[in-house]
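What you see below is based on every heavy atom in this structure, not just the backbone, and it leaves out hydrogens, waters and symmetry mates. It should be emphasised that the depicted structure is a prediction, and the values quoted were computed from it without experimental measurement.
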Amino acid sequence: MAENWVRCPRCHEVFDAEAGPCPKCGVPWKAPARGPQPIEGLYSERYAEPVETPLPEFRAAPKPPRKLKPEYIMGAGAVLVISALVVGLVMAFGGGSAPKPAAPPGLVQAATTPTPLTPSQAPIVGLAYGFVDDRGINAHIVVDTTLVLNAAVQGKALATTTHFDGRVSAGNETGTVKTNGVSQEIRLVDGNFYSRPPGGKWAMVAAPPLYLEVSPIFSLAGSGDLKSVGATLREGQTSNHLQSTTQWIPDLSRVAMTDLSGLPIKATQLQLDLWVTDLGIPLSATISATNTDTNGAKLLDIEIAYAFSDVGTPTTVVAPMSPVPSPSATPGS
């Protein structure tokens, strides 16, 4: 067939490629290599360097925390409770075979003395203390003192009585004090002390006796000097009964409104009994100060009684002399 006729590359003889090699020179026929195929497109596109466009990276979003369903939580709690009960029952009935843990070694500690608790005060104590400790209290006050000294003390018995009837108001004081039948009128105005004997004239005292100052009453150092005993019926009136504690250390001369500095012995037993209303307003009081020997005999016996009225009612106390003169010498100086 004409399409199989070829030319020998060596001797240029024309022969049939399917018949075998060249009949003239014997060179086998070999089909020529196929030439390069034309490339379509522009020159810049054929020879441009390839550019790789990086693909965007996508990170996986964090997974949300897993929420436990309420029924799962309740179920887990029930399992724990049941497990604890089972373990408790097994241990209670001796089911556990594990040996008991050894007790920890005991620690030696120094013995400590427990501090006793201080009982709380009744509210009435604070109310009463607020009245009797007030230097500005307004009241009508009567004080009666009886002192008896046994003859066994200094070979001669001694008896003294003192009576005071007066008013205190806003730190001032006016009244009459009588000691063993001898009376004098006294007045304390703005820190100045005045005295007048019966039928005499007023005189200003330079160094007034402090035991004649009524306020503050009972020489209390604090509310801890008082304790509540309870409600009681006294002179037909229901009142609150208060008593002094062991903390009370009064100035007996001031409480008795009598100079006791010359006594050869001191009182060793003291007790204040005070009766007040539900508001703490003082009504009356008694004070006992004694010294007793080993046989029970009273070597010193001081009994004091207080009566209060018109508490809260102010009184005008004026200086008996105007202008204020120079103070006179203290009696007996």
Side-chain angles (χ1 to χ4, degrees), residues 124-147 160-198 202 205 208-220 225-226 232-244 250-259 272-288 302-321:
I124 191 64
V125 173
L127 293 174
Y129 175 75
F131 274 98
V132 298
D133 189 61
D134 182 12
R135 290 183 177 271
I137 187 174
N138 300 307
H140 177 206
I141 301 176
V142 177
V143 182
D144 283 290
T145 300
T146 301
L147 182 152
T160 301
T161 60
T162 301
H163 175 79
F164 170 79
D165 188 338
R167 290 180 176 271
V168 292
S169 182
N172 296 327
E173 178 181 322
T174 182
T176 302
V177 58
K178 181 185 294 186
T179 302
N180 291 336
V182 179
S183 64
Q184 63 174 328
E185 191 174 355
I186 61 174
R187 206 173 280 186
L188 179 65
V189 183
D190 298 332
N192 297 317
F193 191 85
Y194 306 89
S195 175
R196 180 175 67 172
W202 286 102
V205 182
L210 297 179
Y211 60 83
L212 291 181
E213 293 185 23
V214 179
S215 300
I217 308 168
F218 304 137
S219 188
L220 296 170
D225 289 352
L226 295 174
T232 185
L233 184 63
R234 179 176 171 83
E235 297 178 356
Q237 183 178 4
T238 302
S239 58
N240 297 280
H241 185 190
L242 306 180
Q243 277 185 347
S244 58
D251 179 352
L252 270 183
S253 294
R254 188 165 185 171
V255 173
M257 299 193 72
T258 302
D259 186 9
L272 163 67
D273 289 274
L274 173 63
W275 290 268
V276 300
T277 68
D278 291 340
L279 297 178
I281 300 174
L283 299 172
S284 61
T286 61
I287 298 172
S288 176
I302 304 175
E303 302 296 332
I304 310 169
Y306 276 73
F308 298 87
S309 60
D310 297 335
V311 178
T313 302
T315 300
T316 302
V317 182
V318 297
M321 307 171 67

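Heavy atoms from other residues, nucleotides or ligands lying under 6.0 Å from CG of D278 number 12 at most.
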Inset, instruction - Determine, step by step, whether R167 and D310 satisfy the side-chain contact (heavy atoms from CB on, under 4.5 Å) criterion, reporting the C-alpha distance in whole Å, the side-chain angles of both residues, the deciding distance to 0.1 Å, and the verdict. - result: CA-CA 9 Å; R167 290 180 176 271; D310 297 335; 3.0 Å; yes

Inset, instruction - Would you please test V276 and L274 for side-chain contact (heavy atoms from CB on, under 4.5 Å) and show each step? - result: CA-CA 7 Å; V276 300; L274 173 63; 3.8 Å; yes

Inset, instruction - Dump the intermediate steps for side-chain hydrogen bond (donor to acceptor under 3.5 Å, both in side chains) on Q184 and S195, then the final yes or no. - result: CA-CA 7 Å; Q184 63 174 328; S195 175; 2.7 Å; yes

Inset, instruction - Report the C-alpha separation of I137 and V132 in whole Å, then their side-chain angles, then the decisive distance to 0.1 Å, and conclude whether the side-chain contact (heavy atoms from CB on, under 4.5 Å) test is met. - result: CA-CA 8 Å; I137 187 174; V132 298; 5.8 Å; no

Inset, instruction - Please test L226 against L272 for side-chain contact (heavy atoms from CB on, under 4.5 Å), starting from the C-alpha separation and ending with a verdict. - result: CA-CA 9 Å; L226 295 174; L272 163 67; 4.0 Å; yes

Residues 171-180 side chain polar contacts: donor-acceptor under 3.5 Å, at least two apart:
unit_1	atom_1	unit_2	atom_2	d
N172	OD1	D190	N	2.9
E173	OE1	V214	N	3.1
N180	OD1	T161	N	3.0

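For the pair W202/R187, a side-chain contact is recorded, criterion being any heavy-atom separation below 4.5 Å from C-beta on. Put simply, the side chain of P320 does not reach to within 4.5 Å of the side chain of R196, judged on heavy atoms. Counting heavy atoms from C-beta outward, F164 and V142 have side chains that stay 4.5 Å or more apart. Y194 places none of its side-chain heavy atoms less than 4.5 Å from the side chain of E185. Between L127 and L279, every side-chain heavy-atom pair lies at or beyond the 4.5 Å cut-off.
Taking both residues in full, the closest heavy atoms of G280 and F131 are given as O-CD1, 3.3 Å, listed atom of the first, atom of the second, then distance. Between S288 and E303, the closest heavy-atom pair is OG-OE2, 3.3 Å. The minimum heavy-atom distance between Y211 and S253, with the atom names listed, is CB-O, 3.4 Å. Between S183 and P198, the closest heavy-atom pair is O-CD, 3.1 Å. Counting all heavy atoms, side chain and backbone alike, V317 lies closest to V189 at CG1-CG2, 3.7 Å. Taking each heavy atom of A128 and L242 in turn, the nearest pair found is CB-CD1, 3.4 Å.
Of the inter-residue distances, the one linking I302 atom CD1 with L147 atom CG reads 4.5 Å to the nearest 0.5 angstrom. One distance of note links CG of L212 with CE of M257; it measures 5.0 Å at 0.5 Å rounding. From D144, atom CG reaches atom OG1 of T286 across 12.5 Å, with rounding to the nearest 0.5 Å. In this structure, W275 CH2 and N240 CG are separated by 12.0 Å, a value rounded to the nearest 0.5 Å. Atoms CG and CZ, on L283 and F308 in that order, are 9.0 Å from each other to the nearest 0.5 Å. Rounding to the nearest 0.5 angstrom, the gap separating the CZ atom in R254 from the OG atom in S219 is 6.5 Å.
With sequence neighbours excluded, the residues that form a ring pair (Phe, Tyr, Trp, His ring centres under 6.0 Å) with F218 are Y306. Q243 meets the side-chain contact (heavy atoms from CB on, under 4.5 Å) test with K227, V229, H241, Q271, D273; sequence neighbours excluded. Considering only residues two or more places apart in sequence or on other chains, S239 meets the side-chain hydrogen bond (donor to acceptor under 3.5 Å, both in side chains) condition with none of them. With sequence neighbours excluded, no residue forms a side-chain contact (heavy atoms from CB on, under 4.5 Å) with P197. A search for side-chain hydrogen bond (donor to acceptor under 3.5 Å, both in side chains) contacts involving D259 returns S261, not counting sequence neighbours.
Remark: the T162 side chain and the T258 side chain contain an N/O donor-acceptor pair separated by less than 3.5 Å.
Put simply, the side chain of S215 never gets that close to the backbone of I217: no donor and acceptor are under 3.5 Å apart. The backbone N or O of A170 sits less than 3.5 Å from a side-chain atom of N138, completing a donor-acceptor pair.
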